[in-house]
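Worksheet: the structure to be examined is printed underneath.
Each chain gets a letter, A, B and so on, in the order its sequence line appears, and its residues count up from 1.
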Amino acid sequence: MRHNIQLFDQPLDPALARQQVEDPSCGGVVLFVGNVRNATQGKEVLRLEFESYRPMALREMEKIAIESLERFRIHKMSIHHRLGTLQIGESAVIIAVSAPHRKAAFKACAYAIDTLKETVPIWKKEIFSDGEVWVAATP
Amino acid sequence: MRHNIQLFDQPLDPALARQQVEDPSCGGVVLFVGNVRNATQGKEVLRLEFESYRPMALREMEKIAIESLERFRIHKMSIHHRLGTLQIGESAVIIAVSAPHRKAAFKACAYAIDTLKETVPIWKKEIFSDGEVWVAATP
Amino acid sequence: MKLKVMAFGIARDILGSAEVDFDLPENSKVGDLKEHLLKQFPAFAGLRHLAVAVNCEYAEDEVIFNAMDEVVIIPPVSGG
Amino acid sequence: MKLKVMAFGIARDILGSAEVDFDLPENSKVGDLKEHLLKQFPAFAGLRHLAVAVNCEYAEDEVIFNAMDEVVIIPPVSGG
């Protein structure tokens with residue numbers, strides 16, 4: 001299996017994602033780690049809540065990995081996404097890519113996170129001291 | 001300090017590099033991990049030996065970090081390079097970048113590893129079963 | 001036809017429930033469901049866009065529903 | 001002038017030593033050292049390129065050596 005797709009209810013482990021893609025034949029591993037920021041447009045965020053339509057999210061993440069493996073000359077890709085309540089600084093998503101050549105790994109990793117944010121049915125709600133908002137739901 | 005530059009005689013720790021750049025204000029962290037491959041141009045590599053002109057290597061790596069911080073809108077960069085004898089699969093270099101926006105982090109990380117390979121006085125020797133060669137020394 | 005529709009995120013908030021049954025004419029399409037939703041719950045018009053998944057795949061407006069389809073309203077996603 | 005020159009990687013192998021003293025005319029330049037090296041150790045001509053660092057900075061051929069300079073032969077690097 002050249003891809004690993006997982007949804008987690010517990011904290012993500014970057015070492016796990018990295019080790020899943022590492023291979024003695026590959027010189028380069030690129031990781032993207034998306035963390036919860038403490039503010040959005042200058043307003044303090046207390047925490048985030050992620051929910052997902054899980055079976056479809058897994059399928060869409062798998063599509064991204066398969067498409068990445070086809071389009072770029074990469075070796076393996078892992079996509080791990082966290083769900084539930086996340087505190088500031090916790091990791092929401094980790095994408096790990098190994099490739100014989102690092103340029104392909106960088107391109108594939110950027111493509112995967114860009115596409116994930118467009119297509120994967122996961123939603124996050126930002127919780128402020130005075131309310132909450134579903135991110136990017138309205139114009 | 002927005003950059004951390006280190007040469008290590010012991011195994012690198014990706015978590016250390018990542019934690020050095022992570023910040024509650026930054027949503028994205030990009031890591032590049034360069035590992036020792038088991039073959040070069042189809043020939044089996046037994047191990048690698050890295051050596052360095054240390055004071056200049058540290059200065060050149062620092063230049064890369066400072067230039068990256070100026071050119072790209074990133075928050076922090078760590079560059080850790082291993083020296084000595086490395087076994088297959090061990091990490092030779094780790095570059096970690098945090099940024100408010102992930103595109104800047106990807107660009108800065110790719111720029112840093114590209115430039116490191118051009119300018120930093122570190123040399124690696126590939127050890128084969130029937131000899132050894134300084135990598136990229138001759139045309 | 002009876003259509004069981006699931007909703008997540010802001011779509012669930014607008015519907016007031018994670019699952020709602022709709023009674024639509026036979027051979028209704030995804031586009032018909034969207035029209036129905038916009039009429040019954042005008043707040044949907046305030047979203048950046050509105051998608052519908054049928055059996056875990058994004059479905060175009062022309063797709064015709066079958067009785068056992070798993071139908072889910074997909075408001076703008078925001079993972080990552 | 002006496003110039004103490006350090007060498008790493010394949011440059012050390014070619015010199016046969018990590019540190020060699022050269023006796024160059026006063027006010028010699030980086031370019032003069034390179035010429036001297038190529039004459040005395042023709043194997044340097046086989047490298048992809050050859051750089052010299054003076055006091056931890058890459059130095060152009062026009063740079064004039066001073067007595068206390070730390071001079072290092074920098075063969076093609078291969079870190080990462």
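- Using a 4.5 Å cut-off between heavy atoms, B/A110 touches chain A through backbone and side chain atoms alike.
- In this structure, chain A has heavy atoms under 4.5 Å from both the backbone and the side chain of B/V30.
- Highest contact tally toward chain A, considering only B/A105, B/G28, B/S98, is held by B/G28 [criterion: heavy-atom pairs under 4.5 Å].
- The choice from A/P14, A/S91, A/A39, A/G89 that makes the most heavy-atom pairs within less than 4.5 Å of chain B is A/P14.
- Other residues, nucleotides and ligands contribute more than 12 heavy atoms inside 6.0 Å of the NZ atom of A/K63.
- Top candidate by heavy-atom pairs under 4.5 Å with chain B, chosen from A/C26, A/S25, A/P24, is A/P24.
- Dense packing is recorded around NZ of A/K76, with more than 12 heavy atoms of other residues, nucleotides or ligands lying under 6.0 Å away.
- Once rounded to the nearest 0.5 Å, the distance linking CG of B/D23 with CG of A/N35 reads 10.0 Å.
- Between B/F106 and A/F106, the ring-plane angle classifies as perpendicular under the 30° and 60° cut-offs.
- Note that CD1 of B/I95 and CZ of A/R102 are 9.0 Å apart. Values are rounded to the nearest 0.5 Å.
- In this structure, the portion of B/K117 lying under 4.5 Å from any heavy atom of chain A is its side chain and not its backbone.
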